[in-house]
*Asks:* 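First the structure, then my questions, so here it is.
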Amino acid sequence: MSKTSLKNVQKQKKKAKRTIPRAPQTRIQGNTTGVRTRLKKLAGQARAKKAASA
């Protein structure tokens with residue numbers, strides 16, 4: 001059974017209003033080996049691009 005009573009809906013809205021606005025994630029993130037290697041590669045590419053432009 002779903003927990004969407006009026007009280008819970010109001011609670012969710014209050015919590016949503018209190019959240020800190022943050023920028024959306026620009027990269028896929030996680031802790032698996034595949035994702036970590038992909039992030040490492042992307043970080044290296046970004047660093048190389050930054051060094052080339054500076």
Side-chain angles (χ1 to χ4, degrees):
M1 213 165 137
S2 63
K3 305 258 179 163
T4 51
S5 66
L6 184 64
K7 191 173 183 178
N8 280 336
V9 170
Q10 288 173 337
K11 203 190 300 178
Q12 285 173 341
K13 283 183 180 178
K14 280 184 183 177
K15 283 185 174 188
K17 204 188 291 182
R18 280 200 303 265
T19 56
I20 303 161
R22 289 193 178 94
Q25 287 188 345
T26 54
R27 293 195 181 118
I28 303 152
Q29 293 185 342
N31 202 22
T32 61
T33 52
V35 173
R36 284 172 65 85
T37 51
R38 197 183 309 133
L39 280 170
K40 196 172 180 181
K41 182 180 176 182
L42 286 169
Q45 286 175 344
R47 199 167 55 241
K49 197 182 286 182
K50 189 177 177 184
S53 66

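Remember, predicted model here, so these are calculated numbers, not experimental data. As a basis for the values below, the full set of heavy atoms in this structure was taken, side chains included, without hydrogen atoms, waters or symmetry mates.
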*Asks:* What residues form a side-chain contact (heavy atoms from CB on, under 4.5 Å) with Thr33, not counting sequence neighbours?
*Replies:*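 Here no residue qualifies.
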*Asks:* Taking the side chain as everything from C-beta on, heavy atoms only, tell me whether Lys13 gets closer than 4.5 Å to Val9.
*Replies:*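 Contact flag for Lys13/Val9 side chains = yes.
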*Asks:* Looking at Asn31, Thr32, Thr37, which one forms a side-chain contact (heavy atoms from CB on, under 4.5 Å) with Val35?
*Replies:*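 That would be Thr32.
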*Asks:* Sequence neighbours excluded and cut-off under 3.5 Å, please list the side-chain donor-acceptor pairs for residues 40-54, or say none.
*Replies:*
| from | atom 1 | to | atom 2 | distance (Å) |
| --- | --- | --- | --- | --- |
| Ser53 | OG | Lys49 | O | 3.4 |
| Ser53 | OG | Lys50 | O | 3.1 |

